[in-house]
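Side chains included, hydrogens not; waters and symmetry mates left out as well; all remaining heavy atoms used. All figures in this text were calculated on a predicted structure; none of them were measured in a lab.
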Amino acid sequence: MNIPIWYEIIGLIGSLMVALSMTMHHIKTLRILNLVGCLIFGTYGFLIHSLSVTLLNLFTAGANFYFLINLHVEESRPEFFETIFKNPQTDEYIRRFLLFYAKDIKKFFPSFDPDPGTGTLAGTECCFILRQTVPVSLVAYNRGAGGEITVILDYAVPAYRDFKSGNFFFETVASQIASPGTIFAATGQVPAHSAYLRKLGFKEIFEDEQGTHFRKELRI
């Protein structure tokens with residue numbers, strides 16, 4: 001059967017979108033791309049009169065649509081945030097968390113050492129940010145002699161990397177650990193982390209071999 005070239009282009013676009021969706025960390029983005037890709041590839045199946053290709057992709061698109069509706073319902077519910085403070089030198093869960101996510105943490109904090117006793121978090125204070133009781137973010141910080149607080153680590157797991165945990169920390173938790181006017185400092189070692197800090201309201205101060213240094217004043 002001679003298939004027109006533009007039919008093949010439609011099929012190729014659909015295939016690429018389905019393949020691209022499989023690389024997404026965020027489940028909502030994955031579902032949306034997969035839904036669109038399946039609809040396009042289902043159209044290709046219809047154009048070439050392939051019932052199996054059409055039905056399979058329509059079924060998959062329908063499944064994606066169903067789960068997207070459920071995600072929307074879940075996102076519409078009020079989110080419950082809470083904080084659990086931990087000692088990084090003694091807490092077994094922190095040790096397991098750091099080891100499990102060590103590779104991903106280094107993408108944003110290249111100099112990070114996960115050893116809880118002698119590594120980056122030695123001597124720091126830590127807290128987990130929980131969303132709907134799920135630990136999604138770990139924040140570690142040091143208190144300076146002048147009262148300044150340096151955020152050593154602010155890491156969110158891939159599925160919850162949407163700024164909500166960071167906003168919760170600096171809008172709610174920060175007021176529990178510091179008084180108004182306290183300066184929070186952080187260093188962006190990679191562009192992605194620097195962009196995140198700017199998004200949270202940090203101001204760039206200077207740049208050196210360690211990275212880009214930021215400051216943010218706590219306002220209540």
Side-chain angles (χ1 to χ4, degrees), residues 25-29 71-98 100-101 104-105 107-109 112 114 116 119-205 211-220:
H25 290 294
H26 196 281
I27 189 65
K28 187 174 182 179
T29 306
L71 278 173
H72 177 71
V73 171
E74 288 294 326
E75 290 176 350
S76 299
R77 295 175 181 170
E79 284 200 280
F80 177 67
F81 287 85
E82 59 183 324
T83 313
I84 297 180
F85 290 90
K86 296 282 189 177
N87 184 332
Q89 280 73 55
T90 60
D91 189 80
E92 177 64 15
Y93 185 76
I94 284 187
R95 187 186 72 81
R96 291 171 179 264
F97 183 91
L98 294 176
F100 184 83
Y101 288 108
D104 192 49
I105 291 174
K107 293 179 183 178
F108 304 96
F109 302 87
F112 182 78
T120 304
L121 302 193
T124 65
E125 299 177 50
C126 284
C127 67
F128 276 110
I129 306 297
L130 279 62
R131 288 169 65 173
Q132 316 298 62
T133 73
V134 178
V136 300
S137 177
L138 178 63
V139 182
Y141 52 91
N142 275 328
R143 298 177 187 272
E148 182 175 280
I149 293 179
T150 301
V151 179
I152 305 298
L153 178 71
D154 180 5
Y155 172 78
V157 301
Y160 291 89
R161 207 163 281 163
D162 57 5
F163 298 99
K164 290 184 179 180
S165 299
N167 283 328
F168 174 75
F169 179 83
F170 287 105
E171 291 174 3
T172 303
V173 182
S175 62
Q176 300 173 11
I177 64 174
S179 57
T182 298
I183 299 298
F184 281 78
T187 300
Q189 296 180 330
V190 298
H193 187 215
S194 294
Y196 166 80
L197 291 170
R198 292 187 185 97
K199 182 79 173 181
L200 293 181
F202 278 79
K203 303 299 181 184
E204 184 176 334
I205 305 301
T212 305
H213 298 264
F214 292 86
R215 298 287 186 275
K216 176 184 174 75
E217 181 179 347
L218 177 61
R219 301 180 186 275
I220 306 298

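- With values rounded to the nearest 0.5 angstrom, Ile152 atom CD1 is found 9.5 Å from Cys126 atom SG.
- Here Ile129 contributes atom CD1 and Thr83 contributes atom OG1; the two are 4.0 Å apart, rounded to the nearest 0.5 Å.
- With sequence neighbours excluded, the residues that form a side chain to side chain contact (heavy atoms under 4.5 Å, CB included) with Asn87 are Gln89, Thr90.
- Taking CD1 of Ile177 as the start and OG1 of Thr182 as the end, the distance is 8.5 Å to the nearest 0.5 Å.
- Remark: aromatic rings of Tyr101 and Phe108 are distant, center separation not under 6.0 Å.
- Between Tyr141 and Phe169, the angle of the ring planes lies from 30° to 60°, which puts this pair in the tilted group.
- Under the 6.0 Å cut-off for aromatic ring centres, Phe112 and Tyr155 do not qualify, their centroids lying 6.0 Å or more apart.
- Cation-pi check for Lys216 over Phe184 is not met; the charged atom does not lie both under 6.0 angstrom from the ring centroid and within 45 degrees of its normal.
- Here the rule is ring-ring contact (aromatic ring centres under 6.0 Å, His included) with Phe128, and of Tyr93, Phe81, Phe85 only Tyr93 fits it.
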- Task: Take Phe109 and Val190 through the side-chain contact (heavy atoms from CB on, under 4.5 Å) test and state the conclusion after the steps.
- Result: CA-CA 7 Å; Phe109 302 87; Val190 298; over 6 Å; no

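- Side-chain N or O atoms of Ser175 include one that pairs as donor or acceptor with a backbone N or O of Thr172 at under 3.5 Å.
- Residues meeting the side chain to side chain contact (heavy atoms under 4.5 Å, CB included) test with Glu148, sequence neighbours left out: Thr150, Ile183, Ala185, Arg215.
- Considering all non-hydrogen atoms of both residues, Ala178 and Ile149 come closest at CB-CD1, 3.7 Å.
- Rounded to the nearest 0.5 angstrom, Ile94 CD1 and Glu92 CD are separated by 10.5 Å.
- Under the 4.0 Å criterion applied to side-chain N and carboxylate O atoms, Asp104 and Arg161 are assigned as salt-bridge partners.
- Here the OG-NZ distance, from Ser194 to Lys199, works out to 15.5 Å after rounding to the nearest 0.5 Å.
- Rounded to the nearest 0.5 angstrom, Arg131 CZ and Asp162 CG are separated by 4.0 Å.
- Relative orientation of the Tyr196 and His193 rings is parallel, given thresholds of 30° and 60° on the angle between their planes.
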